[in-house]
Amino acid sequence: MIKFKGIAAAGGITVGPAYKIGREEFTIPKEQIRPEDIPLQIQLFEEALIKTRKEIVDLQKRIASDMGQDEAEIFDAHLLVLEDRMLIEEVISRLKKEQVCVPYIFSEVLKKYISVFSKIEDEYLKERTSDINDVGRRILRNLLGKERRSFTDLKEKVIIVAHDLAPSDTASMHKKDVAGFVTDIGGKTSHTAIMAKSLEIPAVVGLEDATQKINNGDTLIVDGSTGMVIVNPDTQTLAEYQKEEQKLKGVAKIFFTAKDLPAVTKDGRKVEISANIELPDEVSAVREHGAHGIGLYRTEFFYMNREDLPSEEEHYRAYKFVAEEMKPYQVIIRTLDLGGDKFLSQLRIPREIRPFLGWRAIRFCLAQPDMFKVQLRAILRASVHGKLKLMYPMISGIEELLQAKKILEEAKKELKNKKMKFDDDIKVGAMIEVPSAAMTSDILAREVDFFSIGTNDLIQYSIAVDRTNEKVAYLYEPAHPAVLRLIKNVIDAGHAAGISVGMCGEMAGEPNMALMLLGLGLDEFSMPPQMIPEVKYIIRSTTVKQAEKVAQEVLKLPTGREVEVFTQEKLRRILNEAGA
Ligand code: PEP
Ligand code: MG
C-alpha cells in the first residue's frame with residue numbers, strides 16, 4: 001500500500017480500479033516539400049482547421065445537452081485558438097520559408113506557443129496552456145489523418161489516471177463510467193478540477209508522479225477532499241474508506257433535501273445563505289444549489305484574457321443579467337480587486353516586491369477614479385434591474401471608505417446629468433479583510449450599510465502568512481484564535497451600529513465553522529454554490545443557544561487545531577441527532 005498527497009480538486013471519496021491514459025504520441029515526419037506543393041500544404045492546413053472546428057462545435061453541442069451550457073462554454077476558448085491569426089500566419093509564413101511539410105511546421109509552432117504560455121506567471125493564463133495543447137493535438141491528428149482516441153470502451157467504473165487530462169478527454173467520458181480523476185499536473189483552477197466538480201466526481205490533481213507510481217488495474221482510494229490517494233490499500237484501510245464513501249453519499253443526499261428550504265435554526269433565527277460567483281453564467285449553479293442571493297460577485301475576470309479594458313456597457317450587461325436572473329434575491333457586486341495574486345498585463349501594474357501589501361484593490365481604484373467610475377456607473381445603472389448592492393475590497397481605514405463614497409457620488413451625479421435611471425439608495429458595504437479594518441470596525445460601521453468579512457485575506461494578514469505560498473501553508477489557520485477574535489469584534493461592532501454582517505471568505509462555507517459563526521451572530525454566509533446544501537442543513541439542525549455555547553467554548557481555546565477538533569466533534573453530534 002502506498003499513500004501520497006496532491007491537490008484536493010473536487011470533494012468526495014471514491015474507490016475503484018486505476019485506468020491509465022498514456023500521453024498520445026504522434027510521429028511527425030520532417031519531409032521537405034517542393035515550392036509548387038506549398039498551396040496544397042496550405043489547403044491541407046485549412047481543411048484540418050475546418051474539420052477541427054466542426055469537431056469542437058459538435059462536442060460543444062453534445063456537452064450542452066448532456067451537462068449544461070456552462071460546461072460547454074469551456075470549449076469557447078478552443079474555438080478562439082483556432083481563430084488565432086498569429087498562429088495561422090506563423091504556420092503559413094514558415095511553411096513558405098522553410099519548405100517542410102505542414103504537420104511538422106505546425107507542431108513546431110505549437111511547441112513554441114505552449115512554451116510561452118507555460119512560462120506566464122498568472123495562474124489562470126498558465127492553466128490555458130492545456131487549451132492550446134488540446135486543440136493543437138486535435139489539429140495535428142487531423143493533419144496526420146489519425147482517429148481520435150475513444151473512452152467509450154470502458155467496461156467498468158474506473159478511476160482515470162493521467163499525466164494531464166485535456167478538456168476534450170474529460171468531455172468524452174461519462175459519469176456512469178468514471179469514478180474519479182487523478183493527474184500528475186494541474187491546479188485547483190485546471191479544467192480537470194472544474195469538470196470534476198461540475199460532474200461531482202472526486203478528483204486529486206498535481207500529484208507530480210502518479211502515472212509512475214500507479215499501474216493499470218491497481219485498486220485506488222481517492223479522497224478528493226483531502227487530496228489523499230492510496231494505491232492498493234490493505235483490507236482494513238479499504239473497508240474504512242468504503243464505509244466512509246457510502247456514508248458520504250448517503251449524507252450528501254440528506255443535505256440536498258434542505259437546499260431549497262429557508263436557512264432557519266430550530267428556534268427560528270433566519271440567516272442568509274448566498275453564493276460566491278466569478279462569472280455571470282454561474283447563476284444557474286447558484287440556483288440549482290438553493291442559494292438565496294449572491295454575497296460576493298468577484299469582478300476581476302472581466303479584465304482577464306484580453307488586451308483592452310472592459311467598457312461600461314460590458315460591465316452593465318453582465319450586472320443587469322445577474323440582477324435579473326437572481327431577482328428577488330440580493331446580489332452584492334464587489335468592485336475591482338486587482339493586484340496581490342491577481343495580475344493583469346494591460347493595466348500595467350508595476351511588479352512589486354510585496355504585492356499583497358502593495359497597490360491593489362481599492363488603493364488601485366482610488367488612484368484612478370476615471371477607470372473606477374466606469375464600473376461604478378455600470379453597477380448603478382444595473383441597480384434598476386434587481387436588488388443590487390456594492391462593496392469595496394481591502395478597506396484599511398475610514399479615509400479610503402470616504403474617498404470611495406465620494407467617487408460613487410460623482411458617478412451618481414454624472415448619471416443624473418445624463419438623465420439615466422439608477423437606485424439612488426443603493427446599499428454600500430465594506431469588505432473587512434485587513435486587521436486594521438477589523439479593529440476599527442466600530443468607526444467604519446458608521447459609514448456603510450453592511451460588512452462582509454473576507455477571511456481569505458484576513459487570515460493571511462493577521463497571521464502574516466502568504467495565502468499563495470505552499471511552504472507556509474501549515475500556518476494558514478482559519479480557526480486561529482487571533483482570527484476568531486477579529487471576527488467577533490467585527491460582528492459585535494456591526495450589530496452595535498445596527499448593520500448586518502456577512503462573510504464571503506472560504507471560511508463561510510466550511511461545515512466545521514458553521515455552528516461557531518452562527519453562535520457569534522453572523523447574519524449572512526456566502527460560499528461556493530456546492531457547499532450550500534450542507535451548511536443550510538447544519539443551520540436547520542441546531543438552535544441559536546447550542547451555537548452560542550459552541551462559540552463561547554471556542555473562544556477559550558488556545559490553538560486553531562483545538563478549535564478544529566472541538567467544532568468537528570460538536571458538528572458530528574448535531575448531525576447525528578439530526579439523522580445525517
Ligand atoms: C477574501 O479575501 O476572503 C475574499 C473573499 O476575497 P478574495 O478571495 O477574492 O481575495
Ligand atoms: Mg480578499
Side-chain angles (χ1 to χ4, degrees), residues 21-60 74-122 124-151 162-172 183-186 190-192 211 305-307 345:
I21 299 179
R23 266 191 268 191
E24 207 178 5
E25 299 300 343
F26 297 118
T27 324
I28 299 153
K30 186 180 180 185
E31 281 165 13
Q32 261 346 105
I33 52 164
R34 295 168 306 171
E36 57 268 37
D37 292 335
I38 289 173
L40 184 64
Q41 291 288 310
I42 295 178
Q43 193 189 335
L44 277 179
F45 183 45
E46 281 168 354
E47 281 167 6
L49 291 178
I50 293 167
K51 189 159 182 233
T52 307
R53 183 176 178 80
K54 186 172 177 315
E55 279 173 14
I56 297 174
V57 171
D58 288 348
L59 184 62
Q60 211 171 19
I74 287 181
F75 291 92
D76 285 348
H78 287 206
L79 293 173
L80 285 180
V81 175
L82 279 177
E83 283 158 16
D84 188 320
R85 291 304 323 160
M86 261 169 54
L87 185 134
I88 296 173
E89 274 158 23
E90 187 167 348
V91 171
I92 294 177
S93 87
R94 280 185 61 172
L95 185 68
K96 286 180 183 161
K97 206 161 94 209
E98 296 170 36
Q99 299 188 2
V100 179
C101 68
V102 69
Y104 182 82
I105 297 283
F106 178 73
S107 72
E108 289 296 300
V109 174
L110 184 65
K111 269 190 232 156
K112 191 177 113 190
Y113 259 64
I114 290 171
S115 134
V116 169
F117 260 77
S118 58
K119 286 192 194 113
I120 295 176
E121 279 188 29
D122 181 303
Y124 183 79
L125 287 181
K126 200 177 191 156
E127 293 289 1
R128 303 291 75 81
T129 315
S130 65
D131 292 332
I132 301 177
N133 201 354
D134 193 11
V135 78
R137 295 179 82 78
R138 264 181 196 278
I139 298 171
L140 259 184
R141 207 181 288 122
N142 286 329
L143 277 172
L144 296 166
K146 288 201 171 230
E147 284 302 308
R148 265 200 60 65
R149 72 173 167 195
S150 150
F151 298 102
H163 179 68
D164 187 18
L165 278 172
S168 53
D169 285 338
T170 36
S172 56
T183 61
D184 289 340
I185 63 170
S190 61
H191 282 308
T192 311
T211 47
N305 258 345
R306 58 188 296 162
E307 300 277 306
S345 46

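Keep in mind the model is a prediction, meaning the values are calculated, not measured.
For the atom pair CD1 of Ile28 and CG of Leu140, the computed distance is 5.0 Å after rounding to the nearest 0.5 Å. How far NZ of Lys54 is from CG of Asp58: 4.0 Å, rounded to the nearest 0.5 Å. In this structure, Ile88 CD1 and Leu82 CG are separated by 7.5 Å, a value rounded to the nearest 0.5 Å. The line from CG of Leu95 to CD1 of Ile33 is 5.0 Å long, rounded to the nearest 0.5 Å. Within the model, atoms CD1 of Ile132 and NZ of Lys111 stand 15.5 Å from one another, a figure rounded to the nearest 0.5 Å. Rounding to the nearest 0.5 angstrom, the gap separating the CG atom in Asp184 from the CG atom in Asp164 is 8.5 Å.
At least one side-chain heavy atom of Gln99 sits under 4.5 Å from a side-chain heavy atom of Gln32. Between Asp76 and Gln60 the shortest side-chain heavy-atom distance falls below 4.5 Å. The shortest side-chain heavy-atom distance between Gln41 and Pro103 falls under the 4.5 Å cut-off. Side chains of Glu108 and Glu98 form no contact here, defined as non-hydrogen atoms less than 4.5 Å apart. Taking 4.5 Å as the limit, some side-chain heavy atom of Leu79 sits within range of a side-chain heavy atom of Val57. Counting heavy atoms from C-beta outward, Val102 and Ile42 have side chains that stay 4.5 Å or more apart. Taking the side chain as every heavy atom from C-beta outward, Arg53 and Glu83 approach each other to under 4.5 Å.
A distance-only check finds a donor-acceptor pair linking the side chain of Tyr113 to the backbone of Leu87 [under 3.5 Å]. A distance-only check finds a donor-acceptor pair linking the side chain of Thr52 to the backbone of Ala48 [under 3.5 Å].
Considering all non-hydrogen atoms of both residues, Val135 and His78 come closest at CG2-O, 3.8 Å. The two residues Lys51 and Asn142 make their nearest non-hydrogen contact at NZ-OD1, 3.5 Å. Cys101 and Pro29 make their closest contact through SG-O, 3.3 Å (heavy atoms, listed as atom of the first residue, atom of the second, distance). Across all non-hydrogen atoms, the minimal contact from Thr183 to His163 is CB-O, 3.8 Å. Looking at every heavy atom in both residues, Pro35 comes nearest to Pro39 through O-CD, 4.0 Å.
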